[in-house]
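Remember, it's 1-based here, ligands and their atoms both numbered in the order they're listed.
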Amino acid sequence: MRAVDLIQKKRDGQELSTQEIEWLVSNYAQGIVPDYQMSAFAMAVYFKGMTTRETKDLTMAMVKSGEQIDLSAIPGVKTDKHSTGGVGDKVTLNLAPLVASFGVPVAKMSGRGLGHTGGTLDKLESIKGYNINISQDDFIKQVQEIGLSVIGQSDKLVKADKMLYALRDVTATVDIIPLIASSVMSKKIAAGADSILLDVTVGDGAFMKTIEDAEKLSRLMVDLGKEVGRKTIAVITNMSQPLGRSIGNRLEVLEAIQIMQGEGREDVTNFICDLGQLMLELAGVSKSKEEIKEHLVSGHALAKFEEMINRQGGDLIDLYRPSSAEVQTEIFAKTDGYITALPALEFGLFAMKLGAGRAVKTDQLDYETGIIFDKKVGDSVLAGERIAVIYSSEDLSENVITEFEKNVKIGKEQIAPEEIIKVIS
Ligand code: URA
């Protein structure tokens, strides 16, 4: 077989066979097919798409390109969750300990943030000492013993996705459904959990800009998971504004703690409870919303979170430390009304420029920077009332403050944003 023939076949809109896809992925992972040919292939897929069968073959070929984790030594239904990316998305920090606090094991491998989106690993690494690189044996042992671990994905897992994602990122081929579905599901399948909750974000700050596309991606990923015997459910969630109060690594850890102390915003607290209920149900555990909320806000989830942080070397005093960002700039409303929009993409990029995110993979983060919003879409504001505080390492110029202010939309009509748009099972 020759890569050029497979690229041409896809370019001309034909369907590739299982053997052809396996050949391409395996030879790419081994360094035989070069990056330039794989980039051309990704672009051909971008324009011509893939059938469901091809996407499944691509997913399984990627799974086979690296190690697979065997979690069978851990008793019970092992659970995992994945978000397709968001701004201010600290859900894992709450959801993982919440589910584990009910005795359901959570074995989770997380990723780093890129561009306007944040990553759970970066948030956890803002806690002094927290080790995201524990060995696979220690990961399994920890989940056996305390029911929870969140680590970084090993380099040996789904090698082809690591290589292909890096290419897609620089060749404008990220936002295409078959490539996202195979990328996400290959990682989830290789990571070994029995049940998987997929948080498919939609809106300005997400890869999926329309609900129709989010539904297509969800359906495909749920079917891929089920085909290989994993209980899989997708939840389409709103990413038109940042999630919760904060954007930025340290600030988001602190918000996650506030939520677990019963001091979070009600909308985000309820959202986490809804996801918790779905994740527990998927693992065969039926709990009422009241029981779940009780676990989330009155110490059970926080105790589990602290146990995980401590076990992975994190400093429990540093965990509660406020942001040490040098400068805090308050932003005030200029008129009365309601917040009608806080575009997630714009604020994600704004926080990235403060140092909270990476423009390119090699960028160093400033964990302390970010934004805390006092007001979110649907909230009423009075002229002169504080809307947000920007945490930065240096003074902000007038231009930067104006850029921030212009993205806060205030109108006369109240809008009620919905967090969960649809569940696909
Ligand atoms: N998240 C992933 O893991 N892969 C993608 O392709 C997009 C989002």
query = Which residue and non-hydrogen atom of the protein lie closest to atom 4 (N) of ligand 1, and at what distance in Å?
reply = S183 OG, 2.6 Å
message = Looking only at protein heavy atoms, which one is nearest to atom 8 (C) of ligand 1, and what is the separation?
response = F207 CE1, 3.5 Å
S218 to I424 - nearest heavy-atom pair and separation = CB-CG1, 3.8 Å
message = Checking side-chain polar atoms at under 3.5 Å, does Y28 have a donor or acceptor matched by the opposite partner on D35?
response = yes
request  = Identify the protein heavy atom lying closest to atom 3 (O) of ligand 1, giving its residue, its atom name and the separation to 0.1 Å.
outcome  = K187 NZ, 2.5 Å
query = Does a donor on one side chain sit under 3.5 Å from an acceptor on the other, for D70 and S72?
reply = yes
query = Does any N or O atom in T84 lie less than 3.5 angstrom from one in ligand 1, N or O only?
reply = no
note = Among non-hydrogen protein atoms, atom 5 (C) of ligand 1 lies closest to Y165 CE1, 3.2 Å
ask   = Using the ring of each side chain (for Trp, its six-membered ring), is F404 parallel, tilted or perpendicular to F373, with breaks at 30° and 60°?
value = parallel
query = Would K10 and E54 satisfy salt bridge (Lys or Arg N to Asp or Glu O under 4.0 Å), going step by step from the backbone distance to the final call?
reply = CA-CA 11 Å; K10 183 45 68 189; E54 285 179 298; 3.1 Å; yes
query = Does ligand 1 have any atom that is closer than 4.0 Å to a heavy atom of I180?
reply = yes
